[in-house]
2 protein chains.
Amino acid sequence: MTDPLDTTSDRRPGGRTARIRARVLDAVRAELAERGHEGLSMEGVATRAGVHRATVYRRWHDVGGLLVDVIDAAGEIDWQPPDTGSLRGDLTALNQEIQESLVVQPSFAVALMAASFHFERAARAQTQLWTDRYAQCEILVERAIERGELPAQHTDARSLLIAATAPLYHQLVLLRADPDPQLPKRAAEAAVLAAAAGAFSVRGEGNV
Amino acid sequence: MTDPLDTTSDRRPGGRTARIRARVLDAVRAELAERGHEGLSMEGVATRAGVHRATVYRRWHDVGGLLVDVIDAAGEIDWQPPDTGSLRGDLTALNQEIQESLVVQPSFAVALMAASFHFERAARAQTQLWTDRYAQCEILVERAIERGELPAQHTDARSLLIAATAPLYHQLVLLRADPDPQLPKRAAEAAVLAAAAGAFSVRGEGNV
């Protein structure tokens, strides 16, 4: 079968290939948020996207392939970490963004986490995306050191970022707590206070 | 159908009813850890437990019922929070226990979290169990205040406990990082330093 929408002669960015991908991935996000990964099917995505089923099979192969591509697409977005002028403000803004993504109903982010327990390739793609995002956020810590908000000693930026953001995921995803509008700021503050007290300083091999 | 192992005349704790429950829940834990909730079935559990299928259906109704009961059973264990003589030591010990439960292969704890994304009743049971365990751990904070390790001002014990433990869940469950033997202690230390700096102090209504 051939798909009239799919031509290999038109693969430039923004071209027909890119438009089909955008439609398919929009459909994956919508289906995933509404029905979860258990309700995700190649047929359902093709129908929702208005794209020939054969195209979806040829390009994405299976549901795992769709999930990986939707995660990869998230990584392609020109996301920038917040820049509010203070570490506390930056981490609070970051946490607010995380909280919003987790409490919106239906949440694509939560559906993706659930899916990652079942699709090893999707789990790897998600881990990579998170690794990249945390790496992007290290600039927040570098700026804070430059501004003198943190001790000049080297701070392990990733540990600080994990400490600042982990309570959001723990409360909202695993503990299923009601969203607390103060949590983004409080979790950010706790991490900044811990960092200022040297909690995330790099202390060489064999330290504790 | 009747099950010769199941007699309503023998429901005392430690009796036949309790023994059947223990065998069935052992089977649920083993199946869940080995095959995940997607591989969990009433038939598989009955076979593994050596209990008549009709008994399993009658008493637990469905896979969701098995999951809820296995979580409830975890809550019935006489678990005691650590008591090492310091808040840092207690939180480190708690985190080591959490880390072990998450990195053991196969992990019953991780399988249960995955299942909770799909079984609403299991999710509620798990939330209740976690709520109870965090409540039990508040004694760690109370002892620390008595020992003068934390400022006398009231510290929100649950927030401190979440901050101390969340990085373990975030790193090991969601980010799928390799276990870091230093993480239990480092996450505990960061929370203690933040607490000592007043991060989790209760500051009345409308504060930030």
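Please read all numbers here as calculations on a predicted model, not as lab measurements.
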Atom CH2 in A:W130, atom CD in B:Q171: separation rounded to 0.5 Å?
-> 11.0 Å
When rounded to the nearest 0.5 Å, the distance separating CE of A:M113 from CG of B:L174 is 6.0 Å
Tell me, do A:L175 and B:I162 make a side-chain contact under 4.5 Å, heavy atoms counted?
-> yes
Are A:V173 and B:F117 close enough that some pair of their side-chain heavy atoms sits under 4.5 Å apart?
-> yes
Supply the atom-to-atom distance A:S201 OG to B:R186 CZ, rounded to the nearest 0.5 angstrom.
-> 7.0 Å
Does any non-hydrogen side-chain atom of B:R176 lie less than 4.5 Å from one of A:S116?
-> yes
Residues A:A194 and B:A190: closest non-hydrogen pair is CB-O, 3.4 Å
Bottom line for B:V110: the part with an atom under 4.5 Å from chain A's heavy atoms is both
What do you reckon, is CZ of A:R147 surrounded by more than 12 foreign heavy atoms closer than 6.0 Å?
-> yes
Can you tell which of B:A196, B:A166, B:P167 has the highest number of heavy-atom pairs within less than 4.5 Å of chain A?
-> B:A166
For the residue pair A:L193 and B:G198, what are the closest heavy atoms and their distance?
-> CD1-C, 4.3 Å
Parallel, tilted or perpendicular, as decided by the 30° and 60° cut-offs, for the rings of B:H118 and A:H37 = perpendicular
